[in-house]
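Order of listing sets the numbers, starting from 1, for every ligand and every atom in it. What's counted below: heavy atoms across the whole structure, side chains too, no hydrogens, waters or symmetry copies.
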Amino acid sequence: SRAQVFGNGKSTNVSFKDVAGLEGAKEEIQEIVDFLKHPKKYTELGAKIPKGALLVGPPGTGKTLLAKAVAGEAKVPFFSLSGSDFVEMFVGVGASRVRDLFKQAKEKSPSIIFIDEIDAIGKARGRNAQMSSNDEHENTLNQLLTEMDGFGTNSGVIILAATNRADVLDKALLRAGRFDRQIMVDMPDLNERKAIFNVHLKPIKVTADLDREFLAKQTPGFSGADIANICNEAALIAARKKKKMVEMQDFLDAVDRIVGGLEKKNKIIT
Ligand code: ATP
């Protein structure tokens, strides 16, 4: 439905506390929160506030979470759409959705627009010329560029977009005055995984001897999304066994289960 595509235009309840690790990315994006909260501080000195930033990193590392945290911290409305919604769309629909989204965000400014999987609309033009959806992609991308350029520099709307692959994006998107800032959102290291476990263990009843360090050590190559998944899976396993608390073994079983799932997924791909 429309409402889903556009987000609800309400602020999110997400804050930087919900985002574990990613200190560098948080520090960079903190500036965007400040642009939204105190625009005059910048404009009175003659500065132009950037229109957008691109969050770049592997799946499940917290890009969407970080974008929501910006809206939550600045207490501004959050509008979102996903590039994958534009796959197989009728002619003209993509462009008009983009136009509507920007219109709504401008009406509610200061606000955040978040475009997930921007590569699905923002792939370099001219590739896949044989695909029939190509023209429609191009229309959608062109509309996005038009909207970004049409914004006054200090419109109060900031556009965040996420991608796993900045290298496939149309260079026009990365030009000055568009997504000219890139913020890296990397896979978590050992300490970051520990911090992510701590966030996602908060609502879970665990035994006092739970070794978080060990869990972090057992999960190299896991994203934040994988770790969130482990925590929930462990609680489900414990509940199934009618336990009153979730134990270390439940977490290890959850890790095994998720590693198994990941292996299967990889097998299908290759
Ligand atoms: P994708 O590229 O697949 O869209 P993403 O980078 O946008 O992924 P999110 O959707 O933000 O990832 O992450 C999914 C979920 O994983 C989050 O809602 C959160 O529960 C958890 N998560 C991911 N990264 C973190 C993190 N750094 N701290 C805490 N939780 C995290």
Counting heavy atoms only, which of Gly60, Ala67, Gly57 comes nearest to atom 23 (C) of ligand 1?
Gly60
Should Asn229 be listed as contacting ligand 1, given a heavy-atom distance under 4.0 Å as the test?
no
Check the orientation of Tyr42 and Phe35. Use parallel for under 30°, tilted for 30 to 60°, and perpendicular for over 60°.
perpendicular
Element-labelled atoms of ligand 1 that are located less than 4.0 Å from some non-hydrogen atom of Asp18
28 (N), 29 (C)
What protein heavy atom lies closest to atom 7 (O) of ligand 1? Include the residue and the distance to one decimal.
Thr64 OG1, 2.6 Å
Identify whether Phe197 and Ile258 are in the same connected component of the hydrophobic contact network (ILVMFWY, side-chain heavy atoms under 4.5 Å).
yes
Could you list the atoms of ligand 1 found under 4.0 angstrom from a heavy atom of Leu22?
27 (N)
Closest by any non-hydrogen atom to atom 9 (P) of ligand 1: pick that one out of Pro59, Gly62, Gly224, Ser223.
Gly62
The protein heavy atom nearest to atom 5 (P) of ligand 1 is Lys63 N, 3.5 Å
Hey, which atoms in ligand 1 end up nearer than 4.0 Å to a heavy atom of Asn164?
2 (O)
Taking only Lys NZ, Arg NE, NH1 and NH2, and the carboxylate oxygens of Asp or Glu, determine whether Asp253 and Lys241 approach each other closer than 4.0 Å.
yes
Residue, atom name and distance, where the atom is the protein heavy atom closest to atom 31 (C) of ligand 1:
Leu65 CD2, 3.6 Å
Are the side chains of Asn232 and Ile204 in touch, meaning some heavy atoms are under 4.5 Å apart?
no
Check each atom of ligand 1 against the heavy atoms of Ala20 and keep those under 4.0 Å away; list them by number with element.
26 (C), 27 (N), 28 (N), 29 (C)
Val259 vs Phe222 side-chain heavy atoms within contact, under 4.5 Å:
yes
Using a cut-off of 6.0 Å, state whether more than 12 heavy atoms not belonging to Asn13 lie near its atom CG.
no
May I ask you to decide whether Arg181 forms a salt bridge with Glu31, counting only side-chain N to carboxylate O separations under 4.0 Å?
yes
Test applied, side-chain contact (heavy atoms from CB on, under 4.5 Å); reference residue, Ile29; option that passes from Val185, Leu66, Asp34, Leu22:
Leu66
Check whether any heavy atom of His200 sits under 4.0 Å from an atom of ligand 1.
yes
Residue, atom and distance of the protein heavy atom nearest atom 16 (O) of ligand 1 read Ala225 CA, 3.1 Å
Shortest non-hydrogen contact from Glu73 to Ser15?
OE2-CB, 3.2 Å
Among all protein heavy atoms in this structure, tell me which lies nearest to atom 4 (O) of ligand 1, with the distance rounded to 0.1 Å.
Asp116 OD2, 3.5 Å
